[in-house]
Amino acid sequence: MTDSIRILMCAPDHYDVDYVINPWMEGNIHKSARDRSVEQWNQLYHAIKERAIVELVEPQKGWPDMVFTANAGLVLGDNAIVSRFYHKERQGEEPYFKEWFANNGFNVFELPKDLPFEGAGDALFDREGRWLWAGYGFRSELDSHPYIAQWLDTEVLSLRLIDERFYHLDTCFCPLTGGYLLYYPPAFDAYSNRLIELRIPEEKRIIVEEPDAVKFACNAVNINHTIIMNQISESLKQRLNDVGFEVVQTPLSEFLKAGGAAKCLTLRVNEPVLEDVHASTPVESRTVQLTGHLLDAGIMNKALDMVVENGGSFKVLNFELGLERQSTSAAQVRVSAPDHNVMEEIMTQLIDLGAVALPQEVCDINTETVAKAGVAPDDFYVSTIYPTEVRVNCEWVKVQNQRMDAAIVVDPQNMTAECRLLRDLQKGDHVMVGVDGIRTVRQAEDRDQRNGKKEFTFMGSGVSSERRVELLVEQIAWEMRQVRDQGGKVVVTAGPVVIHTGGAQHLAKLIREGYVHALLGGNAIAVHDIEQAMMGTSLGVDMQRGIPVSGGHRHHLKVINAVRGCGNIAQAVEQGLITKGVMYECVKNNVPFALAGSIRDDGPLPDTEMDLIKAQSRYAELIQGTDMILMLSTMLHSIGVGNMTPAGVKMVCVDINPAVVTKLSDRGSVESVGIVTDVGLFLSLLVQQLDKLTHPYPVVST
Ligand code: ARG
């Protein structure tokens, strides 16, 4: 028969639920019945013994979880890697298991201290012997996988567990004879599910539903065509029968109370070694350097959390803490990721946080040449809003035209680099690829701003509603006044809601008084502004009385037609057709504007640029060198503007819809502020505040 299979078990002499180290144990302390657990264990023992050789390791008093021999270690051929338990509650089992492996002729491998790996509970061989599936996320550390690959000379595929109920890989994943896989997909992150699907063809995947999964259906002992497991649903049993498996059910309720079942109670100790299978682990590691106010500014937390959230793991290699308030800290962190794509994602985000991939002294520039105009090399680095520097001829060079979502083109001859949109790439351009030799420069003053050191600074990113609006408007007024007086630049991007809500007169006044240096919008803001100027309505609504006038919906078309008749907006102003309003003030005060067209435009006005590539360039041109941008109730144009604007530009986003505000003010920078309010009201408050600053004393009429 199948006497060649050998399985290690440990009698439940000292088994109990003594502590809580997984969710199943909660509420179950000392709730497992002694006799019943012994009886259940014996039934399992006999079921296995009929089909394989069972070896026993001596149970030890004080180590109640030792029954779960799956966690003793991981065996392949003559080699055994003994577990390093994550929880101190189980660490005392290690020497006993180690002794058993040594006494039974295995070469014993031990992982570095503090690198947890919980043996076959988190590592399962494909039953065709092709590779090893290894879990991480709760008990075992990703960094243990390269050791396993090397010591056992096998390919390791890392799977990330994300549901704490399924804290060990064997609680939700069971490779079966014939290349089948019994598993519960929601226990894994999306990337791991994809990996599983890539390796196991659909007809071999037996998906377990939650009711069976929580009964530990995946925690099964597979011996050739037999599966020994806790009780499962009739339908799952049928599905297993259909693909040729005999299902042996044996109740294990007492062990479920400790978070284990059939498979946990066993360890296969004679895994066959296949000749043609060899080590290969896609786990990649890199070291990054972080410098700055790592603790005060929360950068360290953010960086480490981000690594884990993206499916990586880390080890802080060293940390030099800056001792004075002003001194910076420095850290080197080794980051591991289950494969190259995850690593790139993590590295890109780390770079945004100011990290530099080591070694820093990269000299050959990391570029590839554009082969086809308008198409970047596959691995191109996608730029962000943060000031960026790249290595060119062994020196850091500042990237020009910083914006997000572009490629970085390097000119090694002239030692320059710039952000360039994909469509503008020329054949032969040198484009930065990968993540080496790229760093972003975080302003050190961030911390002072946070502490409110600067006299008038925004209150940090965040969305404000009514309570804080007045206070914020006061600050914005100060800021605008300062920018104007220092010859700086403020850009406004506005939607038609500005006009509908009665903001036109206020925005017009801001322009007239020199607070606005460029206006960006679409067709509609101009159309309705001119409609109001000429006919007193906005989209047919009488702006004085707030009610629709009859036939009003035709007004804006009449207006478009009239402007078309004049030639364009400026000509309409000159010819006296338009005598007030936002567009009028732009023309009169030489404030440049750009109107970007869209599919829903009526008309359009002759000034509206319907070629969107041209419109984007025009926007980008007008944004150059700006100090502050007011985004007034237009999601479309504001996002467009946000994409072109580098970090460091103050942004104020006003919208009645909190979702829009959150989306726009969430640039991870302290310079952006979101205000949820009616834009007409905002503009009226802003104008009042600016008036107060300009005329601090009320004018007394004589
Ligand atoms: N109480 C044990 C623990 O939390 C249960 C171990 C179950 N073993 C397993 N291979 N899933 O560690």
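Positions are given from 1, in the same order as the sequence printed here. Each ligand, and each atom within it, is numbered from 1 in the order the structure gives.
Residue Asp378 places its CG atom among 12 or fewer non-hydrogen atoms of other residues, nucleotides or ligands, all under 6.0 Å distant.
Scanning the protein heavy atoms around atom 8 (N) of ligand 1, the nearest turns out to be Asn71 OD1, 3.0 Å. Of the protein's non-hydrogen atoms, the one nearest atom 12 (O) of ligand 1 is Arg90 NH1, 2.7 Å. Given atom 10 (N) of ligand 1, the protein heavy atom at minimum distance is Asp170 OD2, 2.7 Å. Shortest contact from atom 9 (C) of ligand 1 to any protein heavy atom: Cys264 SG, 2.8 Å. Protein heavy atom at the shortest distance from atom 2 (C) of ligand 1 is Asp65 OD2, 3.3 Å.
Using a 30° and 60° split on the angle between ring planes, Phe68 and Tyr15 fall in the perpendicular class, above 60°. In this pair, His145 and Tyr136 present their aromatic rings perpendicular. The plane angle is above 60°, beyond the 30 to 60° band.
Ionic pairing of Glu155 and Arg199 is present here: one or more N-O contacts between side-chain nitrogen and carboxylate oxygen are shorter than 4.0 angstrom.
Contact atoms of ligand 1 toward Thr171: 11 (N) (distance under 4.0 Å to a heavy atom of the residue). Of all atoms in ligand 1, numbered sequentially from 1 with element shown, those under 4.0 Å from a heavy atom of Ile21 are 3 (C), 4 (O), 12 (O). Each of the following atoms of ligand 1 lies closer than 4.0 Å to a heavy atom of Gly121: 10 (N). Taking a cut-off of under 4.0 Å to the non-hydrogen atoms of Ala70, the atoms of ligand 1 that pass are 10 (N).
Between Arg139 and ligand 1, at least one N/O pair is under 3.5 Å apart. The shortest N or O to N or O distance between Asn22 and ligand 1 is under 3.5 Å. Geometrically, ligand 1 and Ala258 share a nitrogen or oxygen pair separated by less than 3.5 Å.
With no hydrogens or angles considered, a side-chain donor-acceptor pair links Asp242 and Gln238 at under 3.5 Å.
Although no hydrogens or angles enter the test, the distance criterion places a donor-acceptor pair under 3.5 Å between the side chain of Asn366 and the main chain of Val433.
In this structure, Tyr167 counts as a contact residue of ligand 1, since one of its heavy atoms falls inside 4.0 Å of the ligand. At least one heavy atom of Met25 lies less than 4.0 angstrom from ligand 1.
Put simply, the side chain of Ile5 does not reach to within 4.5 Å of the side chain of Arg51, judged on heavy atoms.
With ring centers used as reference points, Phe173 lies 6.0 Å or more from Tyr184. Phe245 has its ring centre less than 6.0 Å from the ring centre of Tyr180.
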